[in-house]
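A short worksheet on the structure shown next.
Keep in mind it's a predicted model, so treat the numbers as computed, not measured. Hydrogens, waters and symmetry mates are skipped; everything else that's a heavy atom, side chains included, is used. Protein chains get the first letters and strands the later ones, always in sequence-line order, with residue 1 at the start of each.
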2 protein chains.
Amino acid sequence: MTVDLVILTVRQDRLRVLLIERGNQPYLGRPALPGGFVRHGETLDETALRELSEETGLDGRKLHLEQLHVYSDPDRDPRGRVVTVAYLALGPDMPLPVAGTDATAARWEPISSALTDGMSLAFDHAAILRDGLERARSQLEHTTVAAAFCPEPFTVGDLRHIYEAVWGFKLDPSNFRRKVTRTAGFLEPTGERRFPETGRPANLYRRGPASLLIPPLLRSGEVSS
Amino acid sequence: MTVDLVILTVRQDRLRVLLIERGNQPYLGRPALPGGFVRHGETLDETALRELSEETGLDGRKLHLEQLHVYSDPDRDPRGRVVTVAYLALGPDMPLPVAGTDATAARWEPISSALTDGMSLAFDHAAILRDGLERARSQLEHTTVAAAFCPEPFTVGDLRHIYEAVWGFKLDPSNFRRKVTRTAGFLEPTGERRFPETGRPANLYRRGPASLLIPPLLRSGEVSS
DNA sequence: TTTGTTTAGGTCCACTTGACCATAAGTTGT
DNA sequence: ACAACTTATGGTCAAGTGGACCTAAACAAA
């Protein structure tokens, strides 16, 4: 029994997933999601946090972490029967992780290229990644987890860039601002401002206590380009 | 590794869960969710369908079935390390199931009494049931699964009774009708009518092809009594 | 000072929804 | 035959939301 991690972040305005290069058989040298076997006496959450730290050097306590799905096809692993529990982790842009014991390299791969046919991830990791991506996109509609992608403090524009990167299309800045600022408990003003190289300074916010977005912010209203 | 099932139905206008009485140690004689061990070479979906048929005599192909969550606390089973994958099954009112091999009795227990402190389900099944109930309530907001509770053909009133039983409060009949009939693909008219003992006859419908409810039907607008 | 860029905030209209009302179409009781 | 009852169906109205679009504010760079 294993845990596999779909770790997503937004870096340079692109949604990226953390992939490692496998250092063991099977699928030696192929890109894969980080993960590993559940140890004796561990809960799955503990396994996920441990793998996060071991294989990537990330501190899972700063990330949003949730169970995604269980994959149990008897033929999914050539070594034999291995059931894997996939976790979805969302976090702000983080320092480039170091290669761990089982992995020879780790990198933040843009989602678009990670899911192209040429990439051919190990095991059924392409399917797991697709499910994780869809879950993340859906979560942005109904919850405030998008803020988990932003290092604090952040601006409304930062938050909008998260939505645009995850959903893959532009949002109207004005309507987006109206929506998130009127949702009680989503954003907490710090009173400070950020002065970018170009454009008007933006108010800074911290994550508020709200976790649900009611009414939801639906993907339906997409804008061209 | 086991699969446990939260099987919900609406019977006599009450939301009910299928509970068995345990025929083995541990927790002998205590009420529990149906479930059992995953067999060699089985996917979890296959295990869920098999247990459904073995322990309850129900045909899982007629039910809505989805993965709920994995419970992995090392101490959740006194026999040792048993990780369980919980499934949520929703279906129309069905014939009273027969007792299976591991269960001495099976019954449709109203949710309200199944979750009272006095009941004390085996293992962590009370927590699993609570999670399943919350998932079902949430699914009714965003999807058309409520129709899975209705034997076809059904009326708008039947469907409303499902929502009322699952959510635990009354809905405005007129507004509910407007919502579900205007959602393309939710209901397909059969052209027939049903003549109840009392009241005006109601149009009959079948389940339509739509699975998502956009925009959602939120729980916020509850009506007294 | 002008230009460019991004933030902040406003308007307008279409649509949705909750509250409420009115009527329709059956059955049952007298 | 008629009233009473019950549930289904459909309509109105006001408040709120969201998409499209516009204007001004506030900074840096030219």
Side-chain angles (χ1 to χ4, degrees), chain A residues 13 140-142 150 153-165 167 169-184 186-205 210 212-225, chain B residues 13 140-142 150 153-165 167 169-184 186-205 210 212-225:
Chain A
D13 276 352
L140 259 56
E141 293 188 321
H142 307 289
C150 296
F154 55 90
T155 69
V156 175
D158 292 340
L159 191 62
R160 181 166 48 83
H161 288 321
I162 300 296
Y163 274 88
E164 293 174 345
W167 284 352
F169 52 85
K170 299 281 186 196
L171 296 171
D172 182 283
S174 184
N175 295 335
F176 181 81
R177 146 179 316 283
R178 181 177 61 192
K179 177 70 181 180
V180 297
T181 55
R182 285 194 187 171
T183 300
F186 197 168
L187 302 180
E188 282 189 345
T190 66
E192 312 263 308
R193 291 190 302 167
R194 175 186 297 164
F195 296 80
E197 321 96 28
T198 173
R200 174 173 171 175
N203 294 332
L204 288 169
Y205 299 88
L212 291 179
L213 209 45
I214 301 174
L217 176 50
L218 298 174
R219 270 176 280 184
S220 47
E222 59 197 273
V223 158
S224 60
S225 169
Chain B
D13 276 351
L140 258 58
E141 293 188 322
H142 306 289
C150 296
F154 56 90
T155 70
V156 175
D158 292 341
L159 191 62
R160 181 166 48 84
H161 289 321
I162 300 296
Y163 274 88
E164 292 174 344
W167 285 352
F169 53 84
K170 300 280 185 197
L171 296 172
D172 182 282
S174 183
N175 294 336
F176 180 82
R177 144 178 315 286
R178 181 178 60 194
K179 177 71 181 179
V180 297
T181 56
R182 285 196 186 172
T183 299
F186 197 169
L187 302 179
E188 282 190 345
T190 66
E192 313 261 307
R193 290 191 302 165
R194 176 187 296 164
F195 296 80
E197 321 93 30
T198 173
R200 173 175 170 174
N203 294 331
L204 287 169
Y205 298 89
L212 292 178
L213 208 45
I214 302 174
L217 176 50
L218 298 173
R219 272 176 279 185
S220 47
E222 58 197 275
V223 158
S224 59
S225 169

Closest nucleotide of DNA chain D for A:Arg182 versus for B:Val156: which of these residues is on the 5' side?
B:Val156
Round to a whole Å and report the spacing from CD of B:Glu192 to P of C:dA25.
18 Å
Protein N or O to nucleotides 27-30 of chain C N or O, pairs below 3.5 Å:
{"residue": "C:dT27", "atom": "O3'", "partner": "B:Glu197", "partner atom": "O", "Å": "3.0"}

Measure NZ/B:Lys179 against P/D:dA8 and give the value in whole Å, please.
20 Å
Counting just side-chain N and O atoms, does B:Asn175 come under 4.0 Å of either OP1 or OP2 of C:dA19?
no
From CZ (B:Phe186) to CG (B:Leu159), nearest 0.5 Å
5.0 Å
Between A:Leu204 (CG) and C:dT7 (P), how many Å, whole number?
12 Å
How many whole angstroms separate atom CZ of A:Arg178 from atom P of C:dC12?
14 Å
For the backbone of A:Pro153 and the side chain of A:Arg194, can you confirm whether one donor and one acceptor N or O come within less than 3.5 Å of each other?
yes
Between P on D:dA20 and NZ on A:Lys170, what's the gap in Å once rounded to a whole number?
16 Å
Here's a test of your reading of the structure: between A:Asn203 and B:Arg193, which maps to the more 5' nucleotide of DNA chain C?
A:Asn203
Contact class for A:Pro215 vs. all strands (heavy atom < 4.0 Å): base, sugar-phosphate, or nothing?
sugar-phosphate
May I ask you to say what A:Arg194 touches in the nucleic acid, namely base, sugar-phosphate or nothing, with a heavy-atom cut-off under 4.0 Å?
nothing
Just how far is it from atom CG of B:Asn203 to atom CZ of B:Phe154, taken to the nearest 0.5 Å?
12.5 Å
Can you identify which nucleotide, out of C:dA8, D:dC27, D:dA8, has its nearest atom closest to the B:Arg200 side chain?
D:dA8
B:Glu164: partners by side chain to side chain contact (heavy atoms under 4.5 Å, CB included), with sequence neighbours left out:
B:Arg160, B:His161, B:Lys170, B:Leu171
Any idea which of C:dC12, D:dC21, C:dA8 is nearest the A:Ser174 side chain?
D:dC21
From C:dA8, C:dA25, D:dA26, pick the nucleotide closest to the side chain of A:Pro201?
D:dA26
Over how many whole Å does the gap from B:Phe176 atom CZ to C:dT17 atom P extend?
12 Å
Rounded to whole Å, please give me the gap between CZ in B:Phe154 and C1' in D:dA8.
16 Å
To the closest 0.5 Å, what do you measure between CG (A:Leu187) and CG (A:Leu204)?
11.0 Å
B:Ile214 CD1 - D:dG18 P separation (whole Å):
15 Å
